[in-house]
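Side chains are part of it too, since the values below use all heavy atoms of this structure and drop only hydrogens, waters and symmetry mates. Per chain, numbering begins at 1; letters A, B, ... match sequence-line order.
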Amino acid sequence: MATIDITKLRKEFGDEGEQIVAVEDLDLTIEDGEFMVFVGPSGCGKTTTLRCVAGLEDVSSGSIEFDGVDVTDQRARERNVAMVFQNYALYPHMTVRKNIGFPLRLSTKQSSDEIDERVEEIATLLGIESLLDDKPKELSGGQQQRVALGRAIIRDPEVFLMDEPLSNLDAKLRSVMRTELQELQQELDVTTAYVTHDQVEAMAMGDRIAILNEGRLQQVGDANEVYRSPTNEFVAGFIGSPSINLVTAEVDGDTLVGPGNFEYVLDDVSWVDGRSRVRVGVRPEDMHLVEDGAGSMPSEVTVVEHMGNENFLYARMGEVDLTARVPSKMRPPEGSRVRFDFDEEDLYLFDVDTQESVKTKTGETDVGYEQYVHNSV
Amino acid sequence: MAPTHSGGGSRFREASSLGRFPVRCDRPPERRKPGIARTTTDAGSTPRGEGERAVILNTIQSRVRTSPAYRAIADQVRYRRQDVSGTVPKIPALPYLYISPFFVLFAVFLLFPTVYTLYLSFFNYLGASNEVLLTVDFVVFQLTIPQIANLQFVGLDHYTRLLFQDSLFHQALFNTSFIFLVQVPLMVVLGLATALVLDAKFIRAKSVFRTLIALPVATGLVAYSTIFLLLFNGDVGVINYALETIGLGRVPWLSDAWWARITLVIAVTWRWLGYNMIILLAGLQTVPEQLYEAAEVDGASRWQKFRFVTLPQLRPVLLFVVVSSTIGTFQIFAEPYVITGGGPSNATITIVQYIYNQAFLQLNLGYASAVSVALVILVSIMSIIQIRYGGAE
Ligand SMILES: Nc1ncnc2c1ncn2[C@@H]1O[C@H](COP(=O)(O)OP(=O)(O)O)[C@@H](O)[C@H]1O
Ligand SMILES: [Mg+2]
């Protein structure tokens, strides 16, 4: 088990002339035994970061420490890390038994009998003891996944690295494996860095979540923090499903005025002191459908999606598309004109230029978050 | 965490990825370009005139393409084309006609000679013959099949002779086996070594080396054999001259029985190394990089990666190299024929060379056929053993 300290990590690809900066000035500490999830859109540098921690990629600058020991210049095989690859990377010519036992077989520390015993132990833990003599290609995706996990945990690594380990599984199996992975990690208590592009997975699994965009770390925090208090518009947009609604509004005294007759009167004007324009964000779950004439967001319903337990309303307000999550009983016909309203404590405000947060959720308790986790996991 | 709820998030993503809401304001992730590409090369460096011309041409082209007249004509052409493909008659045997050239050639140049060789091996050849073998009466015309050769049936005599009496055949068998035993392991090790070196990341000018090593494959058999004959000449050859210059003695390359066999091994290796290297290199490049990375993370050293990842992954390719080299060495002919002439005193005569001597110098076609059949059986057994042993698991 180890604490991972990443300091000013930078990774560039390519030669002089045409360079791609995959990771830029990343500072992050992953605590001992913590489950840290890296999340971000495709190409944001998650895999690269993980590979730098693994030692599969040389860093351009910066340092990586395990428990205070600088490992930046160590090769992967010297670091005592275990990695689960996106497509598992099982050795096709070896049986499941050999695959799982491979890391132990490379050293002379244990006899073949001890290794076999340990392999069976691990296989039982993962529920694949009956597959030990099969080859990887005879296994289903979920079984291969478990073999890859087995190979990773057999060595009692200090650090556990996983690059989108669930992305090749179907939705049902994915949610099963998600729970299993979490339980396994808690049981083994190994420091884990987990990469995913799926923010739902990130929210559900991570002790903390590190959100990356364009090679830069945007925010680190637990699910509640990144959902309620995003540091900028990107994080607010990335976390939450469906995504937050965003509108650019003019500040007119205590009123926010936006496209399609959007008008919202602020109780606390100090949020927009000295601003003439501001980006307004409201999460779909905070939008209330209200009586005509009352709400601040007059719009026209374009599509209603019935999810069973609730409905997603897609609507247009002027130039802007809005999404709202409403109780399943509310089914305005498509094409009808409706109005939405929201509470000021649920309102997000962002700077128009820097996209930094100006105001995030201020309410004490947060029913919306509970409901969010319940619905999307 | 109940799995029944798991559809909530993804359902939405499906909807939006279908493009139902093209101007959604809330999806910044997709809008951004991945990574931060910093390009210093100037994209707009085309000369001005050319750029304008391209724009004009483009405009004209798109105008033409979207004009109603063009579309009408294009549609007509498309309909016609589809009509034509509908009217092509369906001949049931047509596919067989298409693949028949192979079978015709196969029958004439492979199947017939093979079967006829087996047939000949039970006869003594007494010379050509004009006599009629049989006549087939087709009512309208008669097909006459001539008897190709004047043959005398001898049963298994040829086989007992080559097994128990023919010491020259035994010599040829020994020579060929020696070359095989030295040459195939040498070829595999050298081929793998060169392939590994050329596959390494730090080597520069790879394509130059690759070409140089592969070049001998393209040289003519007789041409290269002649050059080897000159290089390895005991008295005036460059090799001995070089050896002498650096202080080593002369080597009786062609006049000593063992050295002559070694000379043949060197020649064959020189010529075929490139071929095997290319095949092994291609094999190496199909090993997924991720397996090496997985092995690295699992703690494998360089040697362990080679032992546990490269070798097993390369197994089928290695098997191919071994089998084809085996077949190749058992068939060598041009090298001993040109370089050593089978000498000194039959020390390098090979099986195929012996067949050639029997068939075309002494016109013992029947006996030569029997030796050929024996060779086929021998090579088949070797290959089957290799495939059984090497292809297992
Ligand atoms: N080996 C490489 N060579 C060049 N560019 C690379 C390489 N690996 C990754 N990149 C670039 O670095 C950026 C980040 O990639 P990656 O870390 O794989 O993203 P993610 O895993 O978040 O999708 C991308 O722009 C990608 O094109
Ligand atoms: Mg990735």
Just distance, no hydrogens or angles: give the donor-acceptor pairs under 3.5 Å from side chains in residues 80-88 of chain A, sequence neighbours left out.
residue, atom, partner, partner atom, Å
A:Q86, NE2, A:S167, OG, 3.1
A:N87, ND2, B:Q290, OE1, 3.1

- Which atoms of A:L104 come close to chain B, meaning under 4.5 Å heavy atom to heavy atom: side chain ones, backbone ones, both, or neither? neither

- Query: Is it the side chain or the backbone of A:R75 that comes within 4.5 Å of chain B heavy atoms, both, or neither?
  - Reply: both

- Residues from residues 295-306 of chain B approaching chain A under 4.5 Å (heavy atoms): B:A295, B:E296, B:V297, B:D298, B:G299, B:A300, B:S301, B:Q304, B:K305

- Message: Tell me whether B:F330 at atom CZ has more than 12 heavy atoms from other residues, nucleotides or ligands lying less than 6.0 Å away.
- Response: yes

Distance-only check: which donor-acceptor pairs under 3.5 Å involve side-chain atoms of residues 181-198 of chain B, not counting sequence neighbours?
residue, atom, partner, partner atom, Å
B:T194, OG1, B:L190, O, 2.8
B:T194, OG1, B:G191, O, 2.9

- Message: I'd like to check the ring pair (Phe, Tyr, Trp, His ring centres under 6.0 Å) partners of A:Y348; sequence neighbours left out, ordered by chain and number.
- Response: none

- Query: If you count the non-hydrogen atoms of other residues, nucleotides and ligands that lie under 6.0 Å from CG in A:D25, is the total more than 12?
  - Reply: yes

- Distance-minimising heavy-atom pair for A:A89 and B:L291: O-CD2, 3.8 Å

- Determine the option with the most heavy-atom pairs under 4.5 angstrom with chain B, choosing from A:G45, A:G55, A:P92, A:A54. A:P92

- Task: Assess the pair B:F308 and A:F102: is the distance between their ring centroids shorter than 6.0 Å?
- Result: yes

- B:F209, CZ: over 12 other non-hydrogen atoms inside 6.0 angstrom: no

